[in-house]
Amino acid sequence: MNEARRRRLAMKAAQAAGVNGLLVTHPADVRYLSGFTGSSAALVLAGARAALFTDGRYRTQAKAETSGLRVVVEQKAAALLAVEWLAEAGVARCGFDSTHTSVATLDSLRAVLPAGKRRGFFVGLEGLVAKLRQVKDSDEIGRMRRAASLGCALFEEVLQHIVPGIPESEVAAQLEFMARMAGAEAMSFETIVASGERSALPHGKASAAKLPKRGFCTMDFGVVLEGYCSDMTRTVHLGKPSQRELDVYHSVLEAQEAAVEIVAPGVTCGEVDEAARSVLRSARLDKYFSHSTGHGVGLEIHEGPRVASKQKQVLEPGMVITIEPGVYLPGEFGIRIEDTMLVTASGGEVLTAASPKVWMEL
Ligand code: ZN
Ligand code: ZN
């Protein structure tokens with residue numbers, strides 16, 4: 001059982017941080033450690049013991065999806081019961097994720113404890129489970145491969161729907177319809193289809209704007225398959241391009257490939273970012289590259305590590321990251337090219353390699 005192994009690793013990390021219990025409430029973290037896919041639950045770990053607290057809506061589901069832990073179904077707030085369980089289990093110091101817990105919630109959790117136990121009981125551990133999730137195990141890598149492959153198949157299919165005069169929203173609708181028909185549970189995020197001048201908006205959600213006779217069309221989309229997100233961007237051109245459009249496209253492609261090329265264990269995220277950025281700097285386009293080069297992806301669309309300027313975090317085998325440089329020229333056009341990559345023992349593997357990145361004219 002993957003989840004049991006992950007719980008052991010989480011407990012080990014918690015003990016290394018000086019606590020003997022762990023309270024997990026962020027849904028993606030709960031899922032990672034228990035298999036439970038519902039949106040509301042609290043998971044607690046104390047040594048080798050584990051319990052999942054949820055409400056009546058999830059009675060059948062929680063028992064079916066988990067194993068090796070106690071499932072407690074009650075109408076009372078899950079986190080409060082979880083704290084009672086921790087205290088009874090003999091936990092003296094309990095780690096919780098300070099990035100996902102409000103001050104008000106923490107106060108209410110503390111109030112559950114006997115007065116004498118409150119002081120020093122909760123210890124904020126920022127992103128303890130999120131850090132474990134950065135390195136994918138073989139089961140997760142299999143799921144991410146399948147999600148990425150589905151993304152590539154959808155891109156190929158959607159090309160036939162890219163014709164001048166149809167609204168961007170229709171391109172997005174086609175993508176999303178085909179995704180669901182192919183078994184996707186959801187889209188990873190709101191589909192981006194940005195054409196013509198709108199392609200200069202890095203996050204141009206599909207609008208009513210119609211695809212131009214001549215100009216770019218950027219599509220950034222992802223599916224959720226078996227719980228895991230895919231993420232890819234391709235920019236295609238409708239009609240004959242100008243020399244400038246061709247030149248900028250090839251600079252972005254060169255930057256993207258330079259970053260892809262250096263992905264390997266031991267390389268820092270900052271170095272990957274710089275590989276893309278320096279190509280655009282030589283082409284005097286770096287000031288139009290207004291975001292970071294990439295991000296981790298997995299159960300959530302944006303996870304660690306951050307592939308951004310000066311980031312010292314080192315890549316490790318099993319991490320899955322995106323490489324997505326872009327150039328956005330306001331009032332003219334924009335281009336972004338994004339792959340999802342797995343860091344392997346010897347380098348990197350592009351999971352979205354089935355979708356061509358070469359200049360595409362429709
Ligand atoms: Zn994307
Ligand atoms: Zn992305």
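Whatever order the structure lists them in is the order used to number ligands and atoms, beginning at 1.
- Note on residues 226-238: pairs passing salt bridge (Lys or Arg N to Asp or Glu O under 4.0 Å), not counting sequence neighbours, are R146-E226, R234-D339.
- In this structure the side chain of V193 reaches within 4.5 angstrom of the side chain of C217, judged on heavy atoms.
- Excluding waters, the set of protein N/O/S atoms under 2.8 Å from the Zn ion (ligand 2) reads D231 OD2, H295 NE2, E324 OE2, E338 OE2.
- F155 pairs with exactly one of L175, V236, T233 by the side-chain contact (heavy atoms from CB on, under 4.5 Å) rule, that one being V236.
- In this structure E88 satisfies the salt bridge (charged side-chain N to carboxylate O under 4.0 Å, His left out) test with no other residue, sequence neighbours excluded.
- The stretch residues 28-54 participates, sequence neighbours left out, in these salt bridge (Lys or Arg N to Asp or Glu O under 4.0 Å) pairs: D29-R133.
- Residue S355 holds its OG atom at 8.0 Å from CE of M360, rounded to the nearest 0.5 Å.
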